[in-house]
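Okay, so here's the structure we're looking at.
Labels below follow one simple rule: chain letters A, B, ... track the order of the sequence lines, proteins then strands, and each chain is numbered from 1.
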Amino acid sequence: MFAPPGEDLVNQWESEQARLRLQVIEEDTEDWQRSPDFSGLERVGGVDLSFIKGDDINACAQLVVLSYPDLEVLYEDSQMVTLTAPYIAGFLAFRETPFLLEALQRLERNQPTLLPQVVFVDGNGLFHYREFGLACHLGVLSGLPCVGVAKNLLQVQGVYKNEEHQSQIAALQKGGDSFPLTAASGKVLGKALRSSNKSSKPVYVSVGHKISVDTAVRLTHSCCRYRVPEPIRQADCLSREYLRTQFP
DNA sequence: GCGACAG
DNA sequence: ATCTTGTCGC
């Protein structure tokens, strides 16, 4: 177990988020992002952490790189890690980022030609209490374009999962349909996306770094064979498989 | 005190 | 995150 974070540490975390927030680029910066069919995009990455049943500190950090548009696995890296921070909504990055960054650095050192051109992150980007979720954190620290994809809605900045939200979800007719997640300020912090025709439950997409919201949504949809985009789904499957075989 | 709470 | 099989439907 983890000791509850002191108020001083929380303040330190908040100020670090505020500092790094200034470095987030919320627009498309790559040529392939402007292409209608993402021509020029060849590698998409996915990251995730999987845990053992009753263990909160030991986890498997996973990085996968898939080909685009075929979504075939080109690279995979599973690494057991020891976490140093507890899970606290709004501060997920301080728990996971260090190990995801290390995985990206191992890849850059060993097989730089396989570095992904964009990374899908399991969690929110700008759709966050202070507009700086895990996807932004990893994006800024790695310098890579990142997209945040959350499987559950985080109620933040005036976005609630009330009946209105439910009706908006019901209005998503087919894969690719979406609606904006608008903050009280009027800013669109992300979008709820029906990622496939089969799944009526949407995923929540937001900007991590170096990509626009609309491009992030369009790209996410194009990487979905199932509800969760393939890079994240593969990272999840492979890290679980690793734990299954290494810790029976 | 009550509800919320990405992973 | 994780605990967990079958079952209903296409």
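- Within the nucleic acid shown, A/Gly90 comes within 4.0 Å of at least one base atom, counting heavy atoms only.
- Residue contacts shown for A/Tyr160 are absent, as no nucleic acid heavy atom lies under 4.0 Å away.
- When heavy atoms are screened at a 4.0 angstrom cut-off, A/Asn124 is found touching base atoms of the nucleic acid.
- Note on A/Lys198: nothing from the nucleic acid sits closer than 4.0 angstrom, heavy atoms only.
- Using a 4.0 Å heavy-atom distance criterion, A/Asp48 is classed as a sugar-phosphate-only contact.
- Between A/Tyr204 and A/His165, the ring planes are parallel. Angles under 30° get that label, and only those over 60° would be called perpendicular.
- The side chain of A/Asp122 approaches B/dG7 more closely than any other nucleotide in the set B/dG7, C/dC3, B/dA6.
- In this structure, the nucleotide among C/dT2, B/dA6, B/dG7 sitting nearest to the side chain of A/Ser50 is C/dT2.
- Rounded to whole Å, the P atom of B/dG3 lies 28 Å from the corresponding atom of C/dT4.
- The phosphate of B/dC5 has OP1 or OP2 within less than 4.0 Å of a side-chain N or O from A/Lys161.
- Side-chain proximity of A/Arg240 to the nucleotides C/dT2, B/dC5, B/dG7 is greatest for C/dT2.
- Among the protein residues, A/Tyr87 comes within range of the nucleic acid bases, having at least one heavy atom under 4.0 Å from a base atom.
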